[in-house]
Amino acid sequence: MDGGGGGGGGAGAQYNPRTVEEVFRDFKGRRAGMIKALTSDVDEFYQLCDPEKENLCLYGFPSEQWEVNLPAEEVPPELPEPALGINFARDGMQEKDWLSLVAVHSDAWLLAVAFYFGARFGFDKADRKRLFNMINDLPTIFEVVTGAAMKQVKEKTSVSNHSSNKSKSNSKPQRGSESQGKYLKQLQPKDEDDGLDDEDEDEHGETLCGACGENYASDEFWICCDICEIWFHGKCVKITPARAEHIKQYKCPSCSNKRTRP
(Lines give C-alpha, C1' and ligand atoms only; values in the text may rest on other atoms or scores of the structure.)
Protein backbone atom coordinates (compact mmCIF):
# COMPACT_ATOMS: atom_id res chain seq x y z
CA MET A 1 0.00 0.00 0.00
CA ASP A 2 3.12 2.13 -0.22
CA GLY A 3 2.45 3.98 -3.41
CA GLY A 4 2.60 7.11 -5.49
CA GLY A 5 0.72 10.27 -4.81
CA GLY A 6 3.67 12.48 -3.89
CA GLY A 7 3.30 11.89 -0.17
CA GLY A 8 -0.44 12.42 -0.45
CA GLY A 9 -0.15 16.00 -1.72
CA GLY A 10 -0.65 15.15 -5.39
CA ALA A 11 -4.08 13.69 -4.77
CA GLY A 12 -5.36 17.03 -3.53
CA ALA A 13 -4.12 18.83 -6.62
CA GLN A 14 -6.17 16.61 -8.92
CA TYR A 15 -9.31 16.46 -6.82
CA ASN A 16 -11.04 19.47 -5.27
CA PRO A 17 -14.51 18.88 -3.80
CA ARG A 18 -16.45 22.17 -3.87
CA THR A 19 -19.84 21.48 -2.24
CA VAL A 20 -20.70 20.31 1.28
CA GLU A 21 -21.85 16.95 -0.13
CA GLU A 22 -18.63 16.52 -2.13
CA VAL A 23 -16.44 17.39 0.86
CA PHE A 24 -18.40 14.91 3.00
CA ARG A 25 -17.95 12.18 0.35
CA ASP A 26 -14.23 12.98 0.33
CA PHE A 27 -14.19 12.74 4.14
CA LYS A 28 -16.02 9.38 4.15
CA GLY A 29 -13.67 7.89 1.55
CA ARG A 30 -10.51 8.96 3.39
CA ARG A 31 -12.00 7.80 6.69
CA ALA A 32 -12.88 4.35 5.29
CA GLY A 33 -9.33 3.94 3.96
CA MET A 34 -7.75 4.84 7.31
CA ILE A 35 -10.14 2.55 9.20
CA LYS A 36 -9.00 -0.30 6.93
CA ALA A 37 -5.36 0.46 7.75
CA LEU A 38 -6.07 0.35 11.48
CA THR A 39 -8.41 -2.68 11.49
CA SER A 40 -8.65 -5.19 8.63
CA ASP A 41 -5.23 -4.26 7.14
CA VAL A 42 -3.53 -3.70 10.50
CA ASP A 43 -0.77 -6.26 10.00
CA GLU A 44 0.35 -4.69 6.72
CA PHE A 45 0.09 -1.21 8.27
CA TYR A 46 2.19 -2.32 11.26
CA GLN A 47 4.95 -3.68 9.03
CA LEU A 48 5.11 -0.51 6.93
CA CYS A 49 5.57 1.69 10.02
CA ASP A 50 9.19 0.63 10.59
CA PRO A 51 10.76 2.86 13.29
CA GLU A 52 14.06 2.66 11.37
CA LYS A 53 12.56 4.62 8.46
CA GLU A 54 12.19 8.40 8.19
CA ASN A 55 9.15 10.40 9.36
CA LEU A 56 6.13 8.51 8.01
CA CYS A 57 2.48 9.55 7.74
CA LEU A 58 -0.76 7.60 7.32
CA TYR A 59 -2.76 8.99 4.38
CA GLY A 60 -6.38 8.20 3.53
CA PHE A 61 -7.69 8.80 0.01
CA PRO A 62 -11.21 9.55 -1.31
CA SER A 63 -11.05 6.18 -3.09
CA GLU A 64 -11.15 4.40 0.34
CA GLN A 65 -7.48 3.46 -0.03
CA TRP A 66 -4.64 4.20 2.38
CA GLU A 67 -0.90 4.45 2.26
CA VAL A 68 2.05 5.00 4.58
CA ASN A 69 4.33 7.56 3.01
CA LEU A 70 6.72 10.42 3.60
CA PRO A 71 5.35 13.93 4.19
CA ALA A 72 4.93 16.24 1.21
CA GLU A 73 8.13 17.94 0.07
CA GLU A 74 6.58 21.30 -0.73
CA VAL A 75 5.82 23.73 2.10
CA PRO A 76 3.06 24.52 2.63
CA PRO A 77 1.66 21.28 1.23
CA GLU A 78 -1.39 21.09 -1.04
CA LEU A 79 -3.46 19.64 1.82
CA PRO A 80 -2.91 19.71 5.59
CA GLU A 81 -0.38 17.05 6.64
CA PRO A 82 -1.23 14.00 8.75
CA ALA A 83 0.73 13.47 11.98
CA LEU A 84 4.43 13.01 11.20
CA GLY A 85 6.56 10.18 12.52
CA ILE A 86 3.82 7.76 13.55
CA ASN A 87 6.37 4.97 13.00
CA PHE A 88 8.77 6.20 15.70
CA ALA A 89 6.47 5.31 18.59
CA ARG A 90 5.46 1.92 17.20
CA ASP A 91 7.71 -0.26 19.34
CA GLY A 92 7.71 2.01 22.38
CA MET A 93 4.14 1.33 23.48
CA GLN A 94 1.51 -1.41 23.45
CA GLU A 95 0.15 -2.03 19.98
CA LYS A 96 -3.46 -1.18 20.85
CA ASP A 97 -2.35 2.09 22.48
CA TRP A 98 -0.24 2.98 19.47
CA LEU A 99 -3.11 2.22 17.07
CA SER A 100 -5.46 4.32 19.23
CA LEU A 101 -3.01 7.21 19.13
CA VAL A 102 -2.69 7.01 15.34
CA ALA A 103 -6.51 6.86 15.16
CA VAL A 104 -6.91 10.07 17.18
CA HIS A 105 -4.43 11.93 14.97
CA SER A 106 -6.17 10.52 11.89
CA ASP A 107 -9.49 11.95 13.10
CA ALA A 108 -7.84 15.35 13.59
CA TRP A 109 -6.36 15.21 10.08
CA LEU A 110 -9.70 14.31 8.48
CA LEU A 111 -11.35 17.33 10.08
CA ALA A 112 -8.44 19.54 9.01
CA VAL A 113 -8.76 18.38 5.38
CA ALA A 114 -12.56 18.80 5.33
CA PHE A 115 -12.43 22.32 6.75
CA TYR A 116 -9.48 23.22 4.53
CA PHE A 117 -11.72 22.52 1.53
CA GLY A 118 -14.52 24.47 3.23
CA ALA A 119 -12.29 27.51 3.75
CA ARG A 120 -10.79 27.31 0.28
CA PHE A 121 -14.14 27.23 -1.46
CA GLY A 122 -15.84 29.80 0.74
CA PHE A 123 -18.25 27.78 2.88
CA ASP A 124 -20.30 30.13 5.04
CA LYS A 125 -21.34 29.54 8.65
CA ALA A 126 -24.40 27.48 7.65
CA ASP A 127 -22.36 25.28 5.27
CA ARG A 128 -19.67 24.69 7.89
CA LYS A 129 -22.28 23.76 10.46
CA ARG A 130 -23.99 21.37 8.03
CA LEU A 131 -20.66 19.77 7.13
CA PHE A 132 -19.70 19.31 10.77
CA ASN A 133 -23.08 17.81 11.64
CA MET A 134 -22.76 15.29 8.77
CA ILE A 135 -19.26 14.39 9.94
CA ASN A 136 -20.31 14.22 13.58
CA ASP A 137 -23.04 11.68 12.79
CA LEU A 138 -20.31 9.13 12.01
CA PRO A 139 -18.26 7.48 14.77
CA THR A 140 -14.69 8.72 14.87
CA ILE A 141 -11.88 6.45 13.69
CA PHE A 142 -10.77 6.32 17.35
CA GLU A 143 -14.22 5.07 18.40
CA VAL A 144 -14.19 2.39 15.66
CA VAL A 145 -10.63 1.24 16.44
CA THR A 146 -11.14 1.08 20.22
CA GLY A 147 -14.61 -0.45 19.99
CA ALA A 148 -16.21 2.56 21.70
CA ALA A 149 -18.67 2.95 18.81
CA MET A 150 -20.00 -0.56 19.43
CA LYS A 151 -20.23 0.01 23.20
CA GLN A 152 -22.37 3.10 22.62
CA VAL A 153 -24.73 1.11 20.41
CA LYS A 154 -24.95 -1.70 22.98
CA GLU A 155 -25.68 0.73 25.80
CA LYS A 156 -28.51 2.29 23.79
CA THR A 157 -29.87 -1.17 23.04
CA SER A 158 -29.87 -2.25 26.67
CA VAL A 159 -31.65 0.95 27.76
CA SER A 160 -34.51 0.28 25.36
CA ASN A 161 -34.65 -3.47 26.07
CA HIS A 162 -38.30 -4.52 26.13
CA SER A 163 -37.49 -7.97 27.55
CA SER A 164 -38.22 -9.41 24.12
CA ASN A 165 -35.47 -11.68 22.90
CA LYS A 166 -35.50 -9.74 19.62
CA SER A 167 -33.87 -6.70 21.21
CA LYS A 168 -31.05 -8.96 22.32
CA SER A 169 -29.98 -9.51 18.72
CA ASN A 170 -27.63 -6.55 18.92
CA SER A 171 -25.68 -8.02 21.82
CA LYS A 172 -23.12 -10.79 21.79
CA PRO A 173 -24.52 -14.27 21.07
CA GLN A 174 -24.68 -16.82 23.88
CA ARG A 175 -21.83 -19.33 23.78
CA GLY A 176 -24.11 -22.35 23.90
CA SER A 177 -26.26 -21.36 20.97
CA GLU A 178 -23.97 -22.99 18.42
CA SER A 179 -24.47 -21.89 14.81
CA GLN A 180 -27.28 -19.47 15.58
CA GLY A 181 -25.03 -17.69 18.10
CA LYS A 182 -22.23 -17.22 15.64
CA TYR A 183 -23.94 -15.04 13.16
CA LEU A 184 -25.78 -12.21 14.50
CA LYS A 185 -28.24 -10.00 12.77
CA GLN A 186 -29.96 -12.55 10.59
CA LEU A 187 -33.31 -11.34 9.26
CA GLN A 188 -36.06 -11.78 11.85
CA PRO A 189 -39.31 -13.54 10.87
CA LYS A 190 -41.77 -11.00 9.52
CA ASP A 191 -44.79 -12.44 11.35
CA GLU A 192 -43.58 -10.90 14.61
CA ASP A 193 -44.98 -7.64 15.92
CA ASP A 194 -44.31 -4.94 13.31
CA GLY A 195 -43.66 -2.24 15.88
CA LEU A 196 -40.84 -4.24 17.40
CA ASP A 197 -39.38 -4.90 13.96
CA ASP A 198 -39.23 -1.18 13.25
CA GLU A 199 -37.54 -0.45 16.53
CA ASP A 200 -35.04 -3.24 16.04
CA GLU A 201 -34.20 -1.86 12.59
CA ASP A 202 -33.47 1.52 14.18
CA GLU A 203 -31.16 -0.03 16.74
CA HIS A 204 -29.35 -2.05 14.12
CA GLY A 205 -29.09 0.98 11.89
CA GLU A 206 -26.68 2.54 14.38
CA THR A 207 -24.33 -0.44 14.24
CA LEU A 208 -21.25 0.13 12.11
CA CYS A 209 -18.95 -2.40 10.49
CA GLY A 210 -15.48 -2.48 12.10
CA ALA A 211 -13.88 -2.92 8.66
CA CYS A 212 -15.64 -0.46 6.35
CA GLY A 213 -17.40 1.76 8.89
CA GLU A 214 -20.73 1.53 7.05
CA ASN A 215 -24.12 0.95 8.67
CA TYR A 216 -26.04 -2.26 9.24
CA ALA A 217 -28.54 -3.14 6.52
CA SER A 218 -31.29 -5.65 7.17
CA ASP A 219 -30.46 -7.78 4.14
CA GLU A 220 -26.78 -8.24 5.00
CA PHE A 221 -25.04 -10.99 6.93
CA TRP A 222 -22.96 -9.82 9.90
CA ILE A 223 -20.60 -11.53 12.33
CA CYS A 224 -19.23 -10.51 15.73
CA CYS A 225 -15.61 -11.01 16.83
CA ASP A 226 -15.48 -13.01 20.08
CA ILE A 227 -12.32 -11.19 21.17
CA CYS A 228 -12.97 -7.46 20.59
CA GLU A 229 -16.80 -7.79 20.26
CA ILE A 230 -16.87 -5.62 17.12
CA TRP A 231 -19.40 -6.45 14.38
CA PHE A 232 -18.36 -6.89 10.75
CA HIS A 233 -20.12 -7.34 7.42
CA GLY A 234 -19.52 -10.96 6.44
CA LYS A 235 -18.34 -9.82 3.02
CA CYS A 236 -15.78 -7.42 4.57
CA VAL A 237 -14.07 -10.25 6.48
CA LYS A 238 -14.79 -12.93 3.86
CA ILE A 239 -17.08 -15.04 6.10
CA THR A 240 -20.24 -16.61 4.64
CA PRO A 241 -23.22 -17.81 6.73
CA ALA A 242 -22.31 -21.39 5.82
CA ARG A 243 -18.72 -20.95 6.97
CA ALA A 244 -19.83 -19.19 10.16
CA GLU A 245 -21.75 -22.30 11.22
CA HIS A 246 -18.46 -24.19 11.60
CA ILE A 247 -16.59 -21.50 13.54
CA LYS A 248 -16.52 -22.09 17.29
CA GLN A 249 -14.79 -18.83 18.14
CA TYR A 250 -14.61 -16.09 15.50
CA LYS A 251 -11.58 -13.80 15.52
CA CYS A 252 -11.62 -10.75 13.24
CA PRO A 253 -8.54 -10.05 11.03
CA SER A 254 -7.21 -7.51 13.53
CA CYS A 255 -7.40 -9.91 16.50
CA SER A 256 -6.06 -12.80 14.40
CA ASN A 257 -3.03 -10.72 13.39
CA LYS A 258 -2.20 -9.69 16.94
CA ARG A 259 0.78 -11.59 18.21
CA THR A 260 3.43 -10.90 20.77
CA ARG A 261 5.85 -8.40 19.35
CA PRO A 262 9.22 -7.43 20.83
Side-chain angles (χ1 to χ4, degrees), residues 1-41 45 48 55-86 101-145 148-149 152 205-217 220 233 235-236:
M1 205 55 76
D2 240 347
Q14 301 149 12
Y15 175 80
N16 283 321
R18 291 170 183 268
T19 68
V20 170
E21 286 69 28
E22 285 174 346
V23 171
F24 183 58
R25 267 201 305 277
D26 178 273
F27 175 93
K28 282 209 303 185
R30 294 177 193 276
R31 173 182 173 274
M34 295 173 105
I35 286 173
K36 281 180 194 168
L38 296 168
T39 56
S40 57
D41 298 345
F45 171 67
L48 288 171
N55 267 312
L56 292 174
C57 304
L58 171 60
Y59 292 92
F61 296 109
S63 59
E64 301 189 6
Q65 300 302 308
W66 62 272
E67 75 175 12
V68 169
N69 213 329
L70 297 169
E73 289 181 16
E74 68 274 16
V75 176
E78 171 66 22
L79 291 179
E81 282 293 300
L84 299 178
I86 56 170
L101 190 61
V102 175
V104 166
H105 284 289
S106 298
D107 283 318
W109 179 67
L110 286 177
L111 276 174
V113 170
F115 281 82
Y116 164 85
F117 284 131
R120 184 167 175 180
F121 297 114
F123 288 8
D124 61 16
K125 183 178 178 182
D127 283 343
R128 290 194 305 272
K129 184 174 183 181
R130 192 154 63 90
L131 174 60
F132 181 76
N133 285 339
M134 291 163 80
I135 288 171
N136 204 35
D137 280 340
L138 293 174
T140 62
I141 297 178
F142 175 79
E143 287 172 333
V144 172
V145 168
Q152 288 167 18
E206 296 174 33
T207 304
L208 297 169
C209 172
C212 70
E214 293 298 319
N215 290 62
Y216 163 76
E220 292 179 303
H233 289 111
K235 64 177 187 245
C236 287

Search all heavy atoms of [X] against all heavy atoms of [Y] and return the closest pair with its distance.
X: Leu70; Y: Asn55; value: CD2-O, 3.4 Å
X: Phe123; Y: Val20; value: CZ-N, 3.7 Å
X: Phe27; Y: Ile135; value: CZ-CG2, 3.3 Å
X: Leu131; Y: Ala114; value: CD2-O, 3.9 Å
X: Gly210; Y: Thr39; value: O-OG1, 3.2 Å
X: Val144; Y: Pro139; value: CG2-CB, 4.1 Å

Report yes or no: does [X] contribute a side-chain atom to a donor-acceptor pair with the main-chain N or O of [Y] at less than 3.5 Å?
X: Lys36; Y: Glu64; result: yes
X: Arg128; Y: Phe115; result: no
X: Asp107; Y: Ile141; result: yes
X: Ser40; Y: Ala211; result: no

Show your working on side chain to side chain contact (heavy atoms under 4.5 Å, CB included) between Leu84 and Cys57 and close with a plain yes or no. CA-CA 5 Å; Leu84 299 178; Cys57 304; 3.3 Å; yes
Using side chain to side chain contact (heavy atoms under 4.5 Å, CB included), reason through Arg25 and Met134 one step at a time and then give a plain yes or no. CA-CA 10 Å; Arg25 267 201 305 277; Met134 291 163 80; over 6 Å; no
Separation between [atom1] of [X] and [atom2] of [Y], rounded to the nearest 0.5 Å:
X: Lys235; Y: Cys212; atom1: NZ; atom2: SG; value: 6.5 Å
X: Ser106; Y: Leu58; atom1: OG; atom2: CG; value: 4.5 Å
X: Leu110; Y: Thr140; atom1: CG; atom2: OG1; value: 10.0 Å

Test side chain to side chain contact (heavy atoms under 4.5 Å, CB included) on Phe121 and Val23 and set out the steps. CA-CA 10 Å; Phe121 297 114; Val23 171; 5.9 Å; no
Would you say that more than 12 heavy atoms from the other residues, nucleotides or ligands in this model lie under 6.0 Å from the CZ of Phe132, or not? no
Less than 4.5 Å apart, any side-chain heavy atom of Ile35 and any of Trp66? no
Please examine the side chains of Tyr116 and Glu78, heavy atoms only from C-beta on, and report whether any two atoms are closer than 4.5 Å. yes
Residues Arg31, Glu143; criterion salt bridge (Lys or Arg N to Asp or Glu O under 4.0 Å); working and verdict: CA-CA 12 Å; Arg31 173 182 173 274; Glu143 287 172 333; over 6 Å; no
Aromatic plane relationship, Trp109 with Tyr59 - under 30° parallel, 30 to 60° tilted, over 60° perpendicular: perpendicular
For Phe61 and Glu67, run side chain to side chain contact (heavy atoms under 4.5 Å, CB included): C-alpha distance rounded to whole Å, both residues' side-chain angles, the deciding distance at 0.1 Å, then the answer. CA-CA 8 Å; Phe61 296 109; Glu67 75 175 12; 3.5 Å; yes
